Amino acid sequence: MANTLSWHEKAACDGSYDDRFFDNHISIQRAVIDEYCKRCPVMDLYLLDALEQAASIGVWGGMTAAELHKVQRSPKYRLGMLSVNSARVF
């Protein structure tokens, strides 16, 4: 039988409804990343989705909102030359 779950449903955070994902405090965002993102099998897909959707608040793909903003402002991102691996070094 084929696996028909979408990648969202495979996420470590699926169904968690944890408000801390959208907390403004960096320490809270880091705790969420440690608790959920570091063990998530689809973390890279979440990061790509966040970048494509121009996510501006919350934790996405193992990155804080501030980290996402930094990536989104980078010349490589604007030119479409950014990979997931290179985004993580920001």
Side-chain angles (χ1 to χ4, degrees):
M1 182 175 184
N3 185 350
T4 58
L5 292 176
S6 76
W7 66 266
H8 290 98
E9 295 169 305
K10 296 175 185 174
C13 61
D14 184 55
S16 68
Y17 305 107
D18 193 332
D19 290 339
R20 297 178 303 156
F21 279 97
F22 299 98
D23 196 287
N24 290 329
H25 296 91
I26 192 76
S27 60
I28 303 290
Q29 291 181 9
R30 286 274 169 230
V32 168
I33 290 168
D34 287 343
E35 185 175 339
Y36 292 99
C37 302
K38 287 188 176 178
R39 64 181 174 88
C40 183
V42 293
M43 181 175 65
D44 289 346
L45 292 173
Y46 258 105
L47 177 57
L48 288 173
D49 191 50
L51 292 171
E52 287 176 5
Q53 301 300 324
S56 60
I57 59 170
V59 170
W60 296 93
M63 296 185 102
T64 65
E67 291 167 334
L68 280 172
H69 288 199
K70 189 174 180 180
V71 169
Q72 291 164 338
R73 289 190 308 267
S74 75
K76 282 187 176 182
Y77 173 75
R78 291 182 179 184
L79 293 171
M81 299 170 50
L82 192 72
S83 70
V84 170
N85 290 334
S86 61
R88 295 204 185 283
V89 297
F90 274 85

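Because the structure is predicted, anything quoted here is derived from the model rather than measured.
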Are Tyr46 and Phe22 linked, directly or through intermediate hydrophobic residues, by side-chain heavy-atom contacts shorter than 4.5 Å (ILVMFWY only)? yes

Does Gln53 use its side chain to pair, donor to acceptor, with the backbone of Ala50 at less than 3.5 Å? no

Just how far is it from atom CD of Gln29 to atom CG of Asp34, taken to the nearest 0.5 Å? 12.0 Å

Close side-chain approach of Met63 and Ile33, heavy atoms under 4.5 Å: no

According to side chain to side chain donor-acceptor pair (under 3.5 Å), who are the partners of Tyr36, at least two apart in sequence or on a separate chain? Asp18

Closest approach of Ser56 and His69, non-hydrogen atoms and distance? O-NE2, 2.9 Å

With sequence neighbours left out, the residues meeting side chain to side chain contact (heavy atoms under 4.5 Å, CB included) with Cys40 are Ala11, Ala12, Val42, Met43

Partners meeting side chain to side chain contact (heavy atoms under 4.5 Å, CB included) with Arg78 (sequence neighbours left out): Arg73

How far apart are the C-alpha atoms of Asn24 and Ile57, what are their side-chain angles, what is the distance that settles it, and do they pass the side chain to side chain contact (heavy atoms under 4.5 Å, CB included) test? CA-CA 8 Å; Asn24 290 329; Ile57 59 170; 5.9 Å; no

So that I know where these two stand, are Trp60 and Phe21 an aromatic pair - ring centroids less than 6.0 Å apart? no

To the nearest 0.5 Å, what is the distance between NE2 (His8) and CG (Asp49)? 4.5 Å

Could you check whether Arg30 pairs with Glu67 (Lys NZ or Arg NE/NH1/NH2 to Asp/Glu carboxylate O, under 4.0 Å)? yes

Is the closest side-chain heavy-atom distance between Val59 and Leu68 below 4.5 Å? no

Connected via hydrophobic side-chain network under 4.5 Å: Leu47 and Ile26: no

Met81 side, atom CE; Ser74 side, atom OG - distance, nearest 0.5 Å: 10.0 Å

Heavy-atom closest pair (Tyr77 atom, Glu52 atom, distance to 0.1 Å) is OH-N, 4.5 Å

Going through the checks in order, is the side chain to side chain contact (heavy atoms under 4.5 Å, CB included) test met by Val71 and Lys76? CA-CA 8 Å; Val71 169; Lys76 282 187 176 182; over 6 Å; no

